[in-house]
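Please read the structure below before turning to the comments.
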2 protein chains.
Amino acid sequence: MTNNIFEKLLAQLNTKPKTAKQEQIVEAAIQLFAAKGYANTSTAEIARVAGVSEGTIFKHYGTKERLLFSVIAPFIRELFPQLAREAVEETFTEDTQSLEQFLRTLIKNRIQFITENRELFQVFVKELMYREEFRKKLFPFAMEYVPETFKHIVDRFKESGELRDDIPSETIILNVLTFLSGFLITRIILRGSDTISEKEMEEAVQFIMEGIRNSHKPEANE
Amino acid sequence: MTNNIFEKLLAQLNTKPKTAKQEQIVEAAIQLFAAKGYANTSTAEIARVAGVSEGTIFKHYGTKERLLFSVIAPFIRELFPQLAREAVEETFTEDTQSLEQFLRTLIKNRIQFITENRELFQVFVKELMYREEFRKKLFPFAMEYVPETFKHIVDRFKESGELRDDIPSETIILNVLTFLSGFLITRIILRGSDTISEKEMEEAVQFIMEGIRNSHKPEANE
DNA sequence: AATAAAAGTAAGTAATCACTCACTCAAATA
DNA sequence: TATTTGAGTGAGTGATTACTTACTTTTATT
């Protein structure tokens, strides 16, 4: 059913020549879906906000659901493959010196992208929670590309001794991603921040790097 | 509008003598809200699953929204005040010996509670994302009780030298909560786990305690 | 047993939903 | 210039929505 729609949309992304009204529709849809959620937004309201007839929406997108995927798909394409390839390569060659610097740059890069596309991120996360088939499509996708790209970087930092080698690389990557998803969801969605301060990002990097234990003072001296 | 509904429900929680049909309604609502989301679940379907007339739902709860809050409110009451008071006191007196042990016990305690009430946790998180007024009610509530209760424990572990004292207690608590929310959301909601393994919990505790940096080997020896 | 109050029901209601259809119009093509 | 094509329209469509109302049944009180 919904299985191949997503893939088809991802494939035909660049071949789409949008009309002016189509752009108005997409813009209105993003805004309304982010604010009220997909299920609570009617096609009539989208048409009204877009300044377009309701029929026009269905002329172009066929169903309400296909409009949703047309809106989300480009965001996902930018979020993940870029994360896994371009952004990493860029960051990695730029600041090869230290793990902490690499992590800091990468995190700031992604946080900036997401805060710039806050509404899309909101729509994406909310629908991710409601749609199992959507998750099933995306998890292998994310769980293949992301660790694949990070694995050799993690391994390299292990060899340099900067990264602890008593924990499997997969576990390390998973834990960092877990913290980051918590960070983004609480800040962008729950708190509704439109920006995240340098200080808060720095605290996050610190936490990922060091945890909370005081490892500078000797422990067994009591 | 919805402002005092939540508080009223929280207040009158224990004074409610539920009938058999009321319990069937609540059970059906939890199940359906968790699976399909509040907005995608009709009162007709709840009535059908509960084996009850649709009118009975409105007899008892008045509106669909009040049914939702009747379902969520007890969960929140158990999740937060217990977290902030009973569970902490219990854990703290039980294992006063080490920070790591305290953290481990507390985390396992909360993870167990949430996995035991997975459906309610799903409903809670999803609605939290869609309802701003709901968040505004809950954030002060959580941000008052939780740090208040943890503050003196964190301070105590700082004094004992087990917890790093170069970071404000509030930041430490916030970072731990951020990781935990990410942990629970990705596992319970996105991955849909019905249980979380001992191993995975242990890895989470490790990450919170130590981060990812290798602090055992000397860094400046190259 | 009589009465009152509460619990439960089934058939409504108006409003709203996603979506369709017959149509116009403008621009490209022949 | 004649014709085709695709964008755009707006008044529909039946289905579904949350909720109401008039009524019956069950339970509690005296």
Side-chain angles (χ1 to χ4, degrees), chain A residues 1-2 5-6 9 12 15-33 35-72 123 126-127 130-131 133-134, chain B residues 1-2 5-6 9 12 15-33 35-72 123 126-127 130-131 133-134:
Chain A
M1 297 275 163
T2 342
I5 288 178
F6 176 64
L9 281 170
Q12 69 179 200
T15 62
K16 251 190 194 169
K18 273 186 204 164
T19 67
K21 304 236 164 187
Q22 258 179 297
E23 276 172 29
Q24 293 167 30
I25 291 169
V26 166
E27 208 171 319
I30 292 174
Q31 181 194 316
L32 290 168
F33 287 164
K36 317 175 29 177
Y38 172 80
N40 299 314
T41 305
S42 69
T43 50
E45 195 176 2
I46 296 171
R48 219 197 60 237
V49 172
V52 156
S53 160
E54 205 176 341
T56 309
I57 294 176
F58 289 94
K59 196 80 167 190
H60 285 294
Y61 300 98
T63 66
K64 190 189 170 191
E65 196 171 59
R66 280 228 292 281
L67 171 60
L68 171 69
F69 287 136
S70 299
V71 155
I72 291 182
V123 178
K126 284 172 185 172
E127 288 314 308
Y130 278 102
R131 295 165 186 271
E133 358 81 55
F134 189 26
Chain B
M1 296 273 164
T2 342
I5 288 179
F6 175 63
L9 280 171
Q12 70 178 196
T15 64
K16 251 190 193 168
K18 273 186 202 163
T19 67
K21 303 235 165 184
Q22 258 180 296
E23 276 172 29
Q24 292 168 31
I25 291 169
V26 166
E27 210 171 317
I30 292 174
Q31 180 194 316
L32 289 169
F33 287 164
K36 317 174 32 176
Y38 171 81
N40 299 314
T41 305
S42 70
T43 50
E45 195 176 2
I46 296 171
R48 217 197 61 238
V49 172
V52 156
S53 161
E54 204 177 342
T56 309
I57 295 176
F58 289 94
K59 196 78 168 192
H60 285 293
Y61 300 99
T63 67
K64 189 188 169 190
E65 197 172 59
R66 281 230 292 281
L67 171 61
L68 171 70
F69 287 136
S70 299
V71 153
I72 291 183
V123 178
K126 285 173 185 171
E127 289 313 308
Y130 278 103
R131 294 163 188 273
E133 356 85 53
F134 189 26

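Every chain is numbered from 1, with letters handed out A, B, ... down the list of sequences. Since the model is a prediction, treat every value here as computed from it, not as a measurement. Worth knowing before you read on, the calculation uses all heavy atoms, side chains too, and leaves out hydrogens, waters and symmetry mates.
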Restricting both atoms to N or O, compile the protein contacts to nucleotides 21-27 of chain C shorter than 3.5 Å, with distance only.
none

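With sequence neighbours excluded, no residue satisfies side-chain hydrogen bond (donor to acceptor under 3.5 Å, both in side chains) with B/Glu23. Applying the side-chain contact (heavy atoms from CB on, under 4.5 Å) rule to A/Ala28 yields the partners A/Ile46, A/Val49, A/Ala50; only residues at least two apart in sequence or on another chain are considered. Residues satisfying the side-chain hydrogen bond (donor to acceptor under 3.5 Å, both in side chains) test with B/Gln31, not counting sequence neighbours, are none. Considering only residues two or more places apart in sequence or on other chains, B/Ser53 meets the side-chain contact (heavy atoms from CB on, under 4.5 Å) condition with B/Thr56. For A/Phe58, there are no ring pair (Phe, Tyr, Trp, His ring centres under 6.0 Å) partners, not counting sequence neighbours. In terms of the side-chain hydrogen bond (donor to acceptor under 3.5 Å, both in side chains) criterion, residue partners of A/Glu54 (sequence neighbours excluded) are, by chain and number, A/Thr43.
If you walk DNA chain D from 5' to 3' and mark each nucleotide with an atom closer than 4.0 Å to a heavy atom of chain B, the marks span D/dT17 to D/dT20.
Comparing the axis of the opening five pairs of the helix from C/dA1-D/dT30 to C/dA30-D/dT1 with that of the closing five pairs yields an angle of 10°, rounded to 10°.
Note on A/Ser42: only backbone sugar-phosphate atoms sit closer than 4.0 angstrom, heavy atoms only; bases stay farther off. In this structure, B/Thr43 reaches the bases: a heavy-atom distance under 4.0 Å links it to at least one base atom across the strands shown.
Listed pair B/His60 / C/dG8 meets the phosphate criterion, a side-chain N or O lying under 4.0 Å from OP1 or OP2. Within the structure, a side-chain polar atom (N or O) of B/Thr19 is placed less than 4.0 Å from OP1 or OP2 of C/dG8.
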Derivation and outcome, side-chain contact (heavy atoms from CB on, under 4.5 Å), residues A/Glu127 and A/Val71:
CA-CA 12 Å; A/Glu127 288 314 308; A/Val71 155; over 6 Å; no
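Annotation: salt bridge (Lys or Arg N to Asp or Glu O under 4.0 Å) contacts involving residues 40-51 of chain A, sequence neighbours excluded, comprise A/Lys36-A/Glu45.
In this structure, B/Tyr61 places its OH atom 14 Å from C1' of C/dG8, rounding to the nearest Å.
Residues of residues 46-54 of chain A having a heavy atom closer than 4.0 Å to DNA chain C, listed by number: A/Glu54.
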